[in-house]
Amino acid sequence: MEETKKAAWKWAEANGLSLAPSARKKMLRTRPELWISLIFPGASQQHLDLFCQWLFWAFLVDDEFDDGPAGRDPRMCEAAITRLVGVLDGAEPHGPMENALEGLRERTCGDRSAAWNRQFRRDTVSWLWTYYAEAVERAAGQVPTRADFVRHRRDSVAMQPFLDLHEITAGTDLPESARSLPAYIALRHAVTDHSGLCNDICSFEKEAVLGYEHNAVRLIQRDRNCTLQAAVDEAGVQLARIAERIQRAERELVEEMAAAGIEGPVRAALERCVQDYRGLVRGDFDYHARAERYTRPDLVEVDRRDTLSGYFAA
């Protein structure tokens, strides 16, 4: 983990990602190397380093849009995301964030199958465009319904791309038929929903300080007109129900593999997903209890918003 941390900061420096003092402190409290190590405990050093750099980059993107002016100006947000998606599709990068993304893409996608690359692009692009949706809703003075937010959060938590990266360290590459199994899709959704709600439960205090409304706990409180503690309690019940959905999807996936006659390497790859996704969920849960990004809402700085988003100002 320490080697991965060193590699991440060295990578950031090499790509010109110079963090302002407040952003640097926030990244140190975020500890991306901890999350990666917890959810991929059996990964090689090479894969830990690569995945941590993806996460470092994703947290930078998240902070830029959540805390900076790019997340409150739909046109600035649209332009930034359009450029990032263009780089994913092979366009020439401009600036540190895009240069870093190009390097990550080249190191990650070059030897993967067309099916995997389609999935990874779709998941990554869907995540990026959630920031635009939030920026537009903020500008319009709107707040999503709880049902709409569940669907939105499934993409905005950015877990789906890391489920794709899991296949790299697991040494698998699922065919389209396996990716299309209803129970496999349900399992991914449940894993992702668990991560999103866990994140919201642990983030609501710091996000309340920033006036951030796209949080499940805050939406429960608004919808029920209840106390914050009652909203947290309801979110905890929902988290337990999502865990039950994970277990149900695991059972149904076994039944569907039998019904589809899936055997051999493909069956082994899906069974590996079932095994590792449980560990991923647990690692994600433990991370939120250990990283100061979530355990120390008192450290949130609210006076840096206008200067944070230099990367996306152009």
Side-chain angles (χ1 to χ4, degrees), residues 26 29-32 34-35 38-39 55 58-59 61-68 71-72 126-127 129-160 162 188-246 280-302 305:
K26 187 170 185 178
R29 293 196 297 265
T30 297
R31 300 182 68 191
L34 173 63
W35 190 78
L38 286 170
I39 70 166
L55 185 61
F59 271 124
V61 170
D62 189 65
D63 289 342
E64 293 285 331
F65 286 123
D66 281 356
D67 302 347
R72 279 134 185 96
S126 295
W127 160 59
W129 280 111
T130 62
Y131 293 109
Y132 178 71
E134 292 184 13
V136 171
E137 285 182 331
R138 284 193 199 99
Q142 297 174 351
V143 177
T145 66
R146 288 168 63 183
D148 288 341
F149 183 71
V150 168
R151 292 186 289 271
H152 171 85
R153 196 71 175 111
R154 191 169 288 162
D155 287 323
S156 71
V157 74
M159 178 62 83
Q160 299 271 12
F162 286 93
R188 285 178 61 109
H189 285 174
V191 168
T192 303
D193 291 350
H194 193 281
S195 178
L197 185 53
C198 181
N199 184 282
D200 283 357
I201 291 171
C202 295
S203 299
F204 75 89
E205 288 187 77
K206 74 179 182 66
E207 290 178 349
V209 172
L210 296 168
Y212 185 76
E213 294 286 337
H214 288 76
N215 179 290
V217 174
R218 176 62 177 143
L219 291 178
I220 292 170
Q221 186 184 23
R222 288 174 62 102
D223 188 48
R224 290 186 52 193
N225 192 27
C226 62
T227 66
L228 188 56
Q229 186 58 54
V232 172
D233 292 343
E234 181 173 330
V237 171
Q238 291 179 6
L239 196 67
R241 289 173 179 165
I242 295 171
E244 293 172 356
R245 284 172 46 206
I246 293 172
L280 188 149
V281 169
R282 181 54 199 249
D284 179 71
F285 183 86
D286 289 344
Y287 165 75
H288 284 87
R290 292 172 60 179
E292 284 188 343
R293 181 183 180 97
Y294 305 101
T295 63
R296 294 291 307 276
D298 55 302
L299 297 177
V300 173
E301 298 183 38
V302 297
R305 181 168 290 170

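What you see is a predicted model; the values in this text were computed from it and never measured.
- A salt bridge between K26 and D62 is absent, with no side-chain N of the basic residue lying under 4.0 Å from a carboxylate O of the acidic one.
- Every residue meeting the ring-ring contact (aromatic ring centres under 6.0 Å, His included) condition with Y131, not counting sequence neighbours, appears here in chain and number order: F65, W127.
- The distance from the OG1 atom of T192 to the CZ atom of F162 is 12.0 Å, given to the nearest 0.5 Å.
- The two residues I246 and A190 come nearest to each other via the heavy atoms CG1-CB, 3.5 Å.
- Listed for the R153 side chain is no donor-acceptor partner under 3.5 Å among the backbone atoms of D148.
- Salt bridge annotation for R154-D193: present, with a cationic side-chain nitrogen under 4.0 angstrom from a carboxylate oxygen.
- By the 4.5 Å heavy-atom criterion applied to side chains, R224 and E234 are counted as neighbours.
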Query - Derivation of the side chain to side chain donor-acceptor pair (under 3.5 Å) call for R241 and Q238 - result: CA-CA 5 Å; R241 289 173 179 165; Q238 291 179 6; over 6 Å; no
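- Using a 4.5 Å heavy-atom cutoff, the side chains of P144 and H152 are not in contact.
- Residues D200 and H214 form no side-chain contact, since every pair of their non-hydrogen atoms from C-beta on lies 4.5 Å or further apart.
- The nearest pair of heavy atoms linking A231 to C226 is N-SG, 3.8 Å.
- Using a 4.5 Å cut-off on side-chain heavy atoms (C-beta onward), L38 and R290 make contact.
- Aromatic ring orientation, Y294 versus H288: tilted (interplanar angle from 30° to 60°).
- We find the CZ-CZ distance between R293 and R29 to be 9.5 Å, quoted to the nearest 0.5 Å.
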Report task. Please lay out, stage by stage, how H189 and I242 fare under the test side chain to side chain contact (heavy atoms under 4.5 Å, CB included). Result -> CA-CA 10 Å; H189 285 174; I242 295 171; over 6 Å; no
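- Rounding to the nearest 0.5 Å places CZ of F285 at 13.0 Å from CG of N199.
- For A139, the side chain to side chain contact (heavy atoms under 4.5 Å, CB included) partners are P74, not counting sequence neighbours.
- Contact check for T30 versus Y287: side-chain heavy atoms found under the 4.5 Å cut-off.
- Inter-residue side-chain proximity for M159 and R188 is flagged as unmet; no heavy-atom pair is nearer than 4.5 Å.
- If you take OG1 on T145 and CZ on F149, they are separated by 10.5 Å, rounding to the nearest 0.5 Å.
- Atom CZ of R146 has more than 12 neighbouring heavy atoms from other residues, nucleotides or ligands inside a 6.0 Å radius.
- Atoms NE2 and CG, from H194 and L280 in turn, are 11.0 Å apart once rounded to the nearest 0.5 Å.
- Counting heavy atoms from C-beta outward, V232 and Q221 have side chains that stay 4.5 Å or more apart.
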Report task. For side chain to side chain donor-acceptor pair (under 3.5 Å), just list the numbers for S195 and D284, CA-CA rounded to whole Å, side-chain angles, deciding distance to a tenth of an Å, and then say yes or no. Result -> CA-CA 7 Å; S195 178; D284 179 71; 3.3 Å; yes
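- Here the side chains of E134 and S156 are in contact, with some heavy-atom distance below 4.5 Å.
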